[in-house]
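Computed over heavy atoms, backbone and side chain alike; hydrogens, waters and symmetry mates excluded.
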Amino acid sequence: MNQNRRLALTACVAVVSVGAAIASVATAPRNIEPVAQPTPTSPGALWTVDAADALGSEFATFEDLVGGRFAGIEGGVVDAGAVLVAKTGLTNQETGEFEKAHLIGIDSSTGDIRWKTPADGVDTCSTALLNDMILCRTDGAIVTVNATDGTITRHPTEWNVFSVTSDGTDIFAVEGEPDGYTVRIHRGTLDDPDAQWSLTLDDTWTSDFTTGDMIRLAGTAGEARLASATVLFDTESGELIDRFSSPDCARARVDREDAIFVIAGRRCSDLFEFHSDLVDSTGRVVAGVDTQVDQRVYADTTHGNDPIMFDGAAIDPSTGERLWADENLRGEIAIVDGVVISGYAPARDLRTGAELWTPDDETGSTLPTAEHDGLAYLVGWQDILTVDPATGARRASVSIDGLLGNTQGRSQEVALQESERGILVVNETRLSRIP
């Protein structure tokens with residue numbers, strides 16, 4: 001067993017109509033009975049899907065449909081409730097290309113593969129759904145995948161689409177020339193993707209090689225994380241609210257139901273003078289510190305007016321008041337069921353700062369990276385651990401070796417992914433749901 005295994009887990013407004021869809025082209029899934037060879041359930045799991053069984057090829061692996069969510073660990077699904085959609089294929093050892101790629105629809109309760117269809121022309125996808133459709137992109141088109149039956153439909157545009165997402169009613173698309181310095185964000189429909197508004201960002205560039213969703217939405221607040229800038233915009237009007245670009249930068253983000261908060265670094269390239277601000281989605285500076293804030297929250301169940309952790313301090317998001325602070329909670333943390341947890345510092349109550357429990361060094365780490373039903377999940381040296389966030393008590397453990405089986409020399413690294421119906425353990429060759 002590798003004792004060093006670690007969890008590797010990221011202007012102007014004009015109403016125009018230049019990118020409307022030309023036609024929609026659908027590709028039906030190829031359901032051949034049986035759809036896939038079932039995978040025996042790994043010890044400790046509710047179900048298991050092996051890439052080799054899903055594709056019918058010994059050397060098959062999974063690839064993250066959303067792209068880079070778990071750093072160096074491949075795999076992961078788009079959660080569509082009753083169905084989880086994954087991408088599997090073969091990596092060409094000479095070119096590095098992912099070939100013979102297929103999308104598979106996995107029953108989230110049983111692990112059965114409901115459908116399988118070739119993934120030709122499907123690049124990265126969004127975690128947001130439009131009805132029962134997953135939104136994806138490819139060169140010159142927005143692509144939808146029906147999560148129920150796997151039907152793929154291309155909606156051609158005149159754009160080079162970088163990213164697409166949805167608020168459940170409309171779509172939001174980011175597009176621009178691959179080597180250009182103008183990026184545009186649009187709101188519209190699949191048939192008319194810039195029907196509502198268009199926001200043009202000059203002196204801005206981005207690329208396909210981003211991690212996770214490029215656009216995030218919360219109420220009337222929108223955030224686009226581009227290669228050269230992060231921007232906040234109003235989803236109703238398309239108005240640019242704030243922009244963080246050189247010499248400033250956006251270092252982290254906190255999402256709430258109806259607001260987005262950005263941790264912005266000021267003069268990020270300055271090696272001698274530091275300042276960081278906590279900025280809300282109206283552009284208001286909530287709090288600031290004269291230091292560089294490098295913060296990452298791996299699991300976050302906060303909502304509404306709960307305090308926001310900023311440079312080791314709990315900040316009231318309405319007033320900016322500093323409620324309490326612990327310098328040991330700077331950097332990597334998780335917030336589960338009102339408890340702030342780090343890898344090695346004592347866990348504290350989010351609202352009061354009261355110390356609740358001290359980490360157990362025997363697990364190797366107590367930093368949760370996922371949450372479900374009020375419990376925290378983390379990757380230990382040899383096991384996936386389930387922990388009560390209020391007391392630190394261990395509720396359950398699942399052997400990583402047992403979940404992965406014989407990896408035949410391939411990666412033994414795992415990541416945890418939250419889904420509507422439970423926690424998924426992600427590996428490049430296997431997906432498992434655990435209790």
Apply side chain to side chain contact (heavy atoms under 4.5 Å, CB included) to L129 and L135, showing your working.
CA-CA 7 Å; L129 301 179; L135 292 168; over 6 Å; no

Derivation and outcome, side chain to side chain contact (heavy atoms under 4.5 Å, CB included), residues F310 and V289:
CA-CA 9 Å; F310 175 61; V289 291; 3.9 Å; yes

Side chain to side chain donor-acceptor pair (under 3.5 Å) for E371 and Y377? Distances and angles first, verdict last.
CA-CA 6 Å; E371 176 277 339; Y377 289 75; over 6 Å; no

Criterion side chain to side chain donor-acceptor pair (under 3.5 Å) on D167 and T235, from CA distance to verdict
CA-CA 10 Å; D167 63 357; T235 61; over 6 Å; no

So T302 and D300, side chain to side chain donor-acceptor pair (under 3.5 Å) or not? Walk me through it.
CA-CA 6 Å; T302 57; D300 188 355; 2.6 Å; yes

Stepwise, does the side chain to side chain contact (heavy atoms under 4.5 Å, CB included) test hold for V78 with V66?
CA-CA 8 Å; V78 173; V66 180; 3.9 Å; yes

Decide yes or no on side chain to side chain contact (heavy atoms under 4.5 Å, CB included) for I335 and L350, but give the supporting numbers first.
CA-CA 8 Å; I335 307 172; L350 174 63; 4.0 Å; yes

Given R267 and D248, is the salt bridge (charged side-chain N to carboxylate O under 4.0 Å, His left out) satisfied, shown in steps?
CA-CA 5 Å; R267 302 180 300 276; D248 298 341; over 6 Å; no

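Residues T124 and F162 form no side-chain contact, since every pair of their non-hydrogen atoms from C-beta on lies 4.5 Å or further apart. R421 is listed as a side-chain neighbour of R433, based on a closest heavy-atom distance under 4.5 Å. Two residues are said to be in side-chain contact when any heavy atoms from C-beta on lie closer than 4.5 Å; L278 and F261 meet this criterion. The shortest side-chain heavy-atom distance between L323 and R351 does not fall under the 4.5 Å cut-off. Between L201 and R243, the closest side-chain pair of non-hydrogen atoms falls below 4.5 Å. In this structure, the side chains of L416 and F70 stay at 4.5 Å or more apart for every pair of heavy atoms. The side-chain heavy atoms of D326 and R348, taken from C-beta on, include a pair separated by under 4.5 Å. Using a 4.5 Å heavy-atom cutoff, the side chains of R394 and T386 are not in contact.
Considering every non-hydrogen atom in both T61 and T88, the closest pair reads O-OG1, 3.0 Å. The two residues S399 and D383 make their nearest non-hydrogen contact at CA-OD1, 3.3 Å. The two residues A347 and I341 have their closest heavy-atom pair at CB-CG1, 4.3 Å. Heavy-atom minimum distance, T429 versus N427: OG1-OD1, 2.8 Å. Of all heavy-atom pairs spanning T48 and S432, the tightest one is OG1-OG, 3.2 Å. Of all heavy-atom pairs between R137 and S163, the closest is CD-N, 3.8 Å.
Salt bridge annotation for K87-E63: present, with a cationic side-chain nitrogen under 4.0 angstrom from a carboxylate oxygen. Under a 4.0 Å N-O distance rule, the pair D277/R266 qualifies as a salt bridge. Under the 4.0 Å criterion applied to side-chain N and carboxylate O atoms, R184 and E175 are assigned as salt-bridge partners. Between R187 and D194 there is no salt bridge, since no side-chain N of the basic residue sits under 4.0 Å from a carboxylate O of the acidic one. Taking the charged nitrogens against the carboxylate oxygens, R253 and D255 do have a contact shorter than 4.0 Å, which makes a salt bridge.
For the atom pair S419 OG and H372 NE2, the distance stands at 7.0 Å (nearest 0.5 Å). Residue I434 holds its CD1 atom at 10.0 Å from OG of S397, rounded to the nearest 0.5 Å. In this structure, T230 OG1 and M214 CE are separated by 10.5 Å, a value rounded to the nearest 0.5 Å. T144 contributes atom OG1, which lies 8.5 Å from atom CD1 of I152 (distance to the nearest 0.5 angstrom). Atom CE in M133 sits 5.5 Å away from atom CG in L190 (nearest 0.5 Å). The line from OG1 of T319 to CD of E321 is 5.0 Å long, rounded to the nearest 0.5 Å.
Listed for the T91 side chain is no donor-acceptor partner under 3.5 Å among the backbone atoms of Q93. Listed for the N160 side chain is a donor-acceptor partner under 3.5 Å among the backbone atoms of G176. At distances below 3.5 Å, at least one donor-acceptor pair connects side-chain atoms of E428 with backbone N or O atoms of S411. In this structure, the side chain of D280 engages the main chain of G283 through a donor-acceptor pair within 3.5 Å. Side chain of D234 to backbone of E239: no donor-acceptor contact under 3.5 angstrom is found. Between the side chain of D388 and the backbone N or O of L375 there is no donor-acceptor pair closer than 3.5 Å. A donor-acceptor pair is defined here as one N or O able to donate and one able to accept, closer than 3.5 Å; such a pair exists between the side chain of T301 and the backbone of D337. At least one donor-acceptor pair under 3.5 Å links the side chain of S108 to the backbone N or O of G81. Counting only distance, with no hydrogens or angles, the side chain of W205 and the backbone of P178 share no donor-acceptor pair below 3.5 Å. D213 places no side-chain N or O within donor-acceptor distance of the main-chain N or O of R216, the cut-off being under 3.5 Å.
Between W159 and H186, the ring planes lie parallel to each other; the angle is under 30°, not in the 30° to 60° tilted range.
For the side chain to side chain contact (heavy atoms under 4.5 Å, CB included) with L84, the qualifying choice from L424, I104, L431 is L424, the only one to do so. Exactly one residue among L385, I384, L367 makes a side chain to side chain contact (heavy atoms under 4.5 Å, CB included) with L378. That residue is L385.
No more than 12 heavy-atom neighbours from other residues, nucleotides or ligands sit within 6.0 angstrom of CD on E177. Residue N328 qualifies as enclosed at atom CG: its count of foreign heavy atoms under 6.0 Å is above 12.
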